[in-house]
Amino acid sequence: METKIISVKEKSICGKAVEEAGRIIQAGGLVAFPTETVYGLGGDALNGESSGRIYRAKGRPSDNPLIVHICRMEDLFPIVAQVPDTARKLADAFWPGPLTMILPKSDMVPRETTGGLDTVAVRMPMHPVALALIDAAGGYVAAPSANRSGRPSPTLPKYVAEDLDGRIDMILDGGEIEIGLESTIVDLTEEVPMILRPGYITKEMLESVLGEVRVDRTVLDGNSGQPPKAPGMKYRHYAPKGELTIIDGRQEQVVEEINRRAREMQEKGERVGVIGTAETVGRYMADSVKSAGSRDDGKTVAKSLYRILREFDEEGMTVIYSENFGTAGEEGIGQAVRNRLLKAAGHHIDYL
Ligand code: AMP
Ligand code: MG
């Protein structure tokens, strides 16, 4: 299959491209498109065969459900069995935006889309191209991140092409993504709403609207022994090709230890990459040293993390060391960054 790549950065071509992409999805095809979080791989959410194609293109296990993207609030009602008050409040506060809600599904949503579950994940994204595409595609677009399963989510169109060229019908190129981490997922079928995947919309933001909110234990502690409630969170995710280890401790010690290990690995013939911060990046010695941003600004770290992991792949790094970002009880976006970094490292973290 030839994958057509069309820029949607200019308004004059965007309308036509989105119309064509919408027709492709309506006919059962697959289109990658920009959202504010990461690039998504879209198919018709109400067509079980389209969902099957998404799983195959990504190499994704079919028990890992897809998020259904909508572009109008009224489109929520037909696909869910009920809309609790909590969902209305969250939609008012955060839609369109990087928040996914888990709700009981209606019969309209095929089981292929929900990985066999009775619940459905729904989000209304904010990116104008995403909203226009969902509308053009008939209102319901199933869209996981547009990467091969297990790879870092793409924040640039070239990474979508790297993973999916020849496997999907079209890529809408909207340039670099704004947020860089996947949406927050909140389960509203629980008595107390529960965060299954942290993201840009933080626990504190949800609590300001809902009152008490819990966090799935597995999000913070990969060794809790429990299965996560979001099936996708059990897989090793977001992983670079190089062996990634997180080193946690006091800044001075971390820099020293990473430099020591980097030297040792280089002597063994490994190519070593280091992820530091603006504050420390000048003090590392390795084959490739990158700053994830400022330690005080979780948003810049969120935006650069997946890009850095992909760049290390391009540069052929075989061993990667990263400083840790945030701490276990961390609030705000730091919790999401920490969660993704831990998963990328397969929970390989050394405390000094
Ligand atoms: P991605 O599409 O790559 O952003 O991943 C979607 C995430 O949402 C995965 O971790 C899924 O397991 C999770 N998810 C989707 N639908 C549900 C659902 N009905 N219940 C729990 N988690 C879900
Ligand atoms: Mg994904």
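From a predicted model like this one, the values you see are computed outputs, not experimental measurements. Every number for a ligand or one of its atoms is a count from 1 in the order of the listing.
Contact of the Arg148 side chain with the Glu162 side chain is not registered, since no non-hydrogen atoms from C-beta on lie closer than 4.5 Å.
Look at Lys105 and you'll find every heavy atom at least 4.0 Å from all atoms of ligand 1. In this structure, Ile102 has a heavy atom closer than 4.0 Å to ligand 1.
A salt bridge is defined here as a Lys NZ or Arg NE, NH1 or NH2 lying under 4.0 Å from an Asp or Glu carboxylate O, and Arg72 with Asp75 meets this definition. A salt bridge links Glu323 to Arg295: one of the charged nitrogens lies within less than 4.0 Å of a carboxylate oxygen.
Residues that satisfy the ring pair (Phe, Tyr, Trp, His ring centres under 6.0 Å) test with Tyr306, not counting sequence neighbours, are Tyr238.
Heavy-atom contacts of Ile185 reach the following atoms of ligand 1: 7 (C), 8 (O), 13 (C) (cutoff under 4.0 Å). Those atoms of ligand 1 that come under 4.0 Å of a heavy atom in Ala121, given as number and element, are 15 (C), 16 (N), 17 (C). Of all the atoms in ligand 1, the ones that sit under 4.0 Å from a non-hydrogen atom of Asn64 are 9 (C), 11 (C), 12 (O). Every atom of ligand 1 with a heavy atom of Thr119 under 4.0 Å away is listed here by number and element: 18 (C), 19 (N), 20 (N). Close approach of ligand 1 to Lys229 is summarised as follows: ligand atoms under 4.0 Å from at least one heavy atom of the residue are 21 (C). Against a heavy-atom cut-off of under 4.0 Å, Leu117 is close to the following atoms of ligand 1: 18 (C), 19 (N), 20 (N).
Closest non-hydrogen pair, Phe325 versus Thr277, comes out as CE2-CG2, 3.3 Å. Among all heavy-atom pairs drawn from Gly29 and Asp169, the shortest one is CA-OD2, 3.3 Å.
Of the N and O atoms on the side chains of Glu279 and Ser294, at least one donor lies less than 3.5 Å from an acceptor on the other residue. Side-chain contact check for Arg123 and Thr35: at least one donor-acceptor pair (N or O, by modelled atom type) lies under 3.5 Å.
Protein heavy atom in closest approach to atom 6 (C) of ligand 1: Arg60 NH2, 3.7 Å. Here the heavy atom of the protein found nearest to atom 17 (C) of ligand 1 is Pro65 CG, 3.4 Å.
Counting only distances under 2.8 Å, and ignoring water, the protein N, O or S atoms around the Mg ion (ligand 2) are Ser145 OG.
Looking at Arg197 next to ligand 1, an N or O pair under 3.5 Å apart turns up. Taking distance alone, with nitrogen or oxygen atoms compared against 3.5 Å, Pro231 approaches ligand 1 more closely than that limit.
Glu256 CD: 12 or fewer foreign heavy atoms inside a 6.0 Å radius.
In this structure, the side chain of Ser291 engages the main chain of Ala278 through a donor-acceptor pair within 3.5 Å.
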